[in-house]
Each structure stands twice: as structure tokens, then as C-alpha cells.
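Letters A, B, ... mirror the listed sequences (proteins, then strands); counts begin at 1.
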There are 2 protein chains.
Amino acid sequence: MRGSQPHCQTCSLNALCLPLSLNDADMERLDDIIRRGRPIQKGQLLFQQGEQFQSVFAVRTGALKTYTLASNGEEQITGFHLASELVGLAGYDNGNYPLTAKALETTTVCEIPLTQLESLADELPDLRKQLMRTMGTEIRHDQNMMLLLSKKNAEERVASFLLDISQRYSRRGFSATHFRLPMSRVDISNYLGLAVETISRVFTRFQKNGLIETQGKEVILHDSDTLYELAGLNSDSECGHDGDE
Amino acid sequence: MRGSQPHCQTCSLNALCLPLSLNDADMERLDDIIRRGRPIQKGQLLFQQGEQFQSVFAVRTGALKTYTLASNGEEQITGFHLASELVGLAGYDNGNYPLTAKALETTTVCEIPLTQLESLADELPDLRKQLMRTMGTEIRHDQNMMLLLSKKNAEERVASFLLDISQRYSRRGFSATHFRLPMSRVDISNYLGLAVETISRVFTRFQKNGLIETQGKEVILHDSDTLYELAGLNSDSECGHDGDE
DNA sequence: CGTTCCGTTGAGATCTATCAACCGTGGTGG
DNA sequence: CCACCACGGTTGATAGATCTCAACGGAACG
């Protein structure tokens, strides 16, 4: 994102990331324990299901997907993680990551070692609250996904998905109507519990109806209102994901 | 459960409930802030979506379901809560309950007021860890549900469900093969993302194949191994829910 | 320039939802 | 005591949405 060693204090994402509710002094202490590693390339793993749980990560640039493996080997994508969003907190309850995180494109992350995060949380009530809030947000997101997966049809799911991504980009200051999807159609279909072909068909149907315009991964939302209606949401409510893990 | 005022220290559920990892002194302090209310009757609400978030609850006896309302009014059941399990932590991230909790039968709960829980957590690192762990467990559960809802067919879902309930009863010292489902078929169908009729058909099919035996809400598992196979699980792994919210 | 991966489109198969009827139980009231 | 009703659960027939299988086009890449 910037040249030498970046810091939370100067990071353009700090208003969205874990430092969210921290004052300057606290942020500095958080900054001290964060490790900034090499970028990881598309397709590489950040951590793997079953590995020992050692760190939580914040996406600085790029995007990740997280997925669990069923015992039959099928993968279920549980979330996409864009810049400023946390990854890995879902595994907090025991010693191993319950899911795998893979880069969708070249990605840089901030690594926050768990032991240090825990001892810092012991001292900083605000950080603690922020962590709990982030986990609560993740639970809300997952429960919205459960609703989507068990009650919505293909068009509703795709509409919800597009609006979710739109809102998340918008929150980071990017266009809410013109963006690039970092994940493949296959990933989208897996996430939404549909076949790839169904995703493709819904995209073209939406395009024919003038709701969206797509060219590969580039998407333009032309009629967000109708999309919101389709998704079964009001335009000011959440639609699946809330930005943090 | 018992006559006058019960206490965490003597509660038969304390090895499964929030006091899980607390020492005696800490448990006593937790015990002090817990309120034991009147039993709530079948169909009554413990709390409602949108209400101010004030307390977390532990089920002492009976059972609850929690569900969210989509904007079209449809309800999506996100979990069932048996004795010793926590309810309400899912809402931790903001000021309002994001879901409703309704009693499936006459139910008694321990109420833990949030403000007091928070200040107690400020002092007791073990309690804090326990809370985080519980939330992490809930996230894992929800992600397992996402997998179930997007990848499993009707038989696999029902098998997973029955084994989940079985494990949870078993953990509380009850039979893993002979139990009573506290929820209706409609609730099960809603939870599993299927039509009631499908649930009914799968139950009878399982019964014809000698896998289970049912009479109304009473269930006997005759062939857990095949059920585990169907569910796509090994018999020692989790299958959806892990006991705590 | 060939290969591979990804996305799209078409035709047919399949699972589950839907609609409808029926049954047993429990509660209510005449 | 019995008729009646409401409700939950079961079963059958049909319809529909999505999956599966298959083929094709284009972009990316070595």
C-alpha cells in the first residue's frame, strides 16, 4: 500500500479495521505487535484448515476467500474478505483453524499474533469489545447466509450477493455501482449454493433486464433499487456481510 | 429444577454451561449476577428481534428456538437451544437482538445481564476466554449449517440433524440413541431448509430402512453408523451444533 | 500457436416444493 | 358421551427450479 513499513496510524483503512474504536495510544500498541509480511500470490494459502491457530489477519490489499472442507472433500466457501476486513477470528474457539484462507489475487495482510493480541486485549477493554463485536458481526453474517441459502431462489441470492459486495466497496470509499469482482463465477456459485451455470444464467438475465452490466469480473449496477427489491432488503439494511469477519 | 434458589455451584449443568472453565471463586462471582426468572411457557418469547440487547441467557430446563425474520416476514430458524446451552450471544455486536427466542416447551433460564457480565469479564480473563470461545463455537456451527444448506440433500440434512441432537443429549448424560425432539416437524423443516413433507418422507424412509424408529417426537436411532455415513461425518466429529451458542 | 481455464449457452434429468387429501389426537362444548 | 374442530403429521400426484451433462467461445499464458 505504501513504501517501507506502514503503520496503523497512517493506514487509510484504520477507520474500518481492528483499530476502529481505539485511541492513538492504544492503536500504537496494537501497531507494535502487527507483522506485515510478503504479499501472497493468487492461489496461495494464508492458513489451512487444521493448522495450529496462531494469528488473526487483516487484509490490506487484495482479497481472500475462506472455505471449509467437508469430509467428502467438497469445499464450502464461507466468506470473501476484502481490504480492511479481518480473517481468522472464526477459529477462535480452539487450537486449530477450522477453515482455509486462499488468496483470490495478489494480497497483502497484516498479521496479528494471537498470544500478543490476547495479552493486549487483557489490558485494553476497547480492543476487547471490538473483538467481540467483530465476532458478533460474523455470526450475524453467517445467519443471514443461512437465511439466504434456505429461503432464497437463485435471482434473490445473486442480487443479495451483488449488493453485499457493493456495500462493502462503498464503505471503503469506492464506487457502489461500478466495481470488479475478485472471485471467479465458480467461487460465487459455491458461496451461494448454486451451480456455476445458474450464476451465469442469472447474470445474463439481469443484464437483459437492464439491472446490471457485466464484462467478465467487471460489474456495473444500473438499477440498485430493483436489486434491493429482489434481494428482499431495504436499501439501507445489511445484505449478508457486514464488512468485518 | 430444584426448590428455592439454585446456584451455579450446585447446578448439574455447570460443567457444560458458561462456568465451564471457571474456578470456584470466579464461579461464585458469576453466580452472583445471574437472575433466575419464572419459567416461560411454550410459545412465549424470551426476547424479540429489535429489542434492546440486555442479557444473555442459559437454558436450565426445556428448549428454545431462535429465529430471524426476513423482510418479507418469513422466519428462518437459526438454532435450537437445549439445557446448558447459551442463547443471545449472537447479538453481541450492537444494541439490539438480531433474532427472536421462543420457548418450544416450558422452559427455565438463567439470565445474565450484559453490563454486569461485561464488567465481570473485565476482571476475569478466564470468563473472557470462555465467552470468546463460545462465540467461536457458534461461528463454527453456523458455517457447518452453511455447508449443510448449500451442499447436502434432504437425507443428508436429516441425518446430520438427528446426529447433532443425539450428540448434544449424549453430552448432557442422556441417551444418544433414544430421545425426544422438542421441536415440531415444521420447525425442523424450516431449520434444515426443506418442506415439512420432505422431512416427513425422509423420516418414514429412514424408518423403513431400519435406521431409526419414530413415534411422534420420540426418536430411536437404530443404526447410527449408517446415519453418520449419510451425514458425511465420522462418528467422532461434530455435526452442526456444538452445544453452546 | 496450442493449451488451459473460465464463462456462457442449450437440452434433458432430478430433486424437492407445492397442492391436496387424509388421519389421529386433543380440546371444547353441546 | 359424542360431535366438532383445530392442529400436527403423513402420504400421493404433479409441477417447477435448479442441476447435470455437453458443447462451444474467448481470454490468458506459456
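- Of the residues listed (A/L13, A/L86, A/L89), the one engaging A/L18 in a side chain to side chain contact (heavy atoms under 4.5 Å, CB included) is A/L86, and it is the only one.
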Is there any protein nitrogen or oxygen under 3.5 Å from a nitrogen or oxygen in nucleotides 23-30 of chain D, and what are the pairs?
none

Under 3.5 Å, which N/O atoms of the protein pair with N/O atoms of nucleotides 6-9 of chain D?
unit_1: D/dG9; atom_1: OP1; unit_2: B/K217; atom_2: NZ; d: 3.1
unit_1: D/dG9; atom_1: OP2; unit_2: B/R185; atom_2: N; d: 3.1

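- Here the P atom of nucleotide D/dC19 and the NZ atom of B/K151 are 10 Å apart, to the nearest Å.
- Residue pairs satisfying the side chain to side chain donor-acceptor pair (under 3.5 Å) criterion with at least one member in residues 198-209 of chain B, sequence neighbours excluded, are listed as follows: B/E155-B/R205, B/Q207-B/T214.
- No side-chain heavy atom of A/S84 sits under 4.5 Å from any side-chain heavy atom of A/R171.
- Side-chain atoms of B/R36 and B/T108, non-hydrogen and from C-beta on, never get closer than 4.5 Å to each other.
- Atoms OG1 and CD, from A/T100 and A/E51 in turn, are 8.0 Å apart once rounded to the nearest 0.5 Å.
- A distance of 6.0 Å separates CD in B/E74 from NZ in A/K151, rounded to the nearest 0.5 Å.
- Here the P atom of nucleotide D/dC19 and the CG atom of A/N190 are 12 Å apart, to the nearest Å.
- Residue A/T78 comes nearest to A/H141 through the heavy atom pair O-CE1, 3.7 Å, listed as atom of the first residue, atom of the second, then distance.
- Take A/E105 and apply the side-chain contact (heavy atoms from CB on, under 4.5 Å) test, not counting sequence neighbours, and it matches A/A63, A/T107, A/R180, A/P182.
- Using a 4.0 Å heavy-atom distance criterion, A/I199 is classed as making no nucleic acid contact.
- Nearest approach of A/I77 to A/Y191, heavy atoms of both residues: O-CD1, 3.5 Å.
- Within residues 203-214 of chain B, no residue places a heavy atom under 4.0 Å from DNA chain C.
- A/H81 approaches A/V59 most closely through the heavy-atom pair O-CG2, 4.0 Å.
- Of all nucleotides in DNA chain C, those with any atom nearer than 4.0 Å to a heavy atom of chain A start and finish, going 5' to 3', at C/dG7 to C/dA11.
- Side-chain contact between B/Y97 and B/Q49 is absent, with no heavy-atom pair separated by less than 4.5 Å.
- Nucleotide D/dT10 holds its C1' atom 14 Å from the CD1 atom of B/I188, rounded to whole Å.
- One atom, CG of A/L192, and another, C1' of D/dC19, lie 15 Å apart when rounded to the nearest Å.
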Protein-nucleic acid N or O pairs under 3.5 Å, nucleotides 13-15 of chain D:
unit_1: D/dA13; atom_1: N6; unit_2: B/R201; atom_2: NH2; d: 3.4

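- Every pair passing ring-ring contact (aromatic ring centres under 6.0 Å, His included) that includes a residue from residues 166-186 of chain B is listed here, sequence neighbours excluded: B/Y169-B/F179.
- A/Q41 pairs by the side-chain contact (heavy atoms from CB on, under 4.5 Å) definition with A/Q44, A/T106, not counting sequence neighbours.
- Between B/E75 and B/K102 there is no salt bridge, since no side-chain N of the basic residue sits under 4.0 Å from a carboxylate O of the acidic one.
- A/A159 is linked by a side-chain contact (heavy atoms from CB on, under 4.5 Å) to A/F206, A/L227, A/L230, A/A231, counting only residues two or more places apart in sequence or in another chain.
- Between atom CG of residue A/L147 and atom OG1 of residue B/T68 there is a gap of 4.5 Å, rounded to the nearest 0.5 Å.
- The rotation axes computed at either terminus of the helix from C/dC1-D/dG30 to C/dG30-D/dC1 lie 30° apart, taking five pairs at each end and rounding to 10 degrees.
- Nearest-nucleotide assignment on DNA chain D puts the 5′-proximal partner with A/N153, out of A/N153 and A/E197.
- Applying the ring-ring contact (aromatic ring centres under 6.0 Å, His included) rule to pairs touching residues 57-78 of chain B yields B/F47-B/F57, sequence neighbours excluded.
- With no hydrogens or angles considered, a side-chain donor-acceptor pair links A/E138 and B/Q143 at under 3.5 Å.
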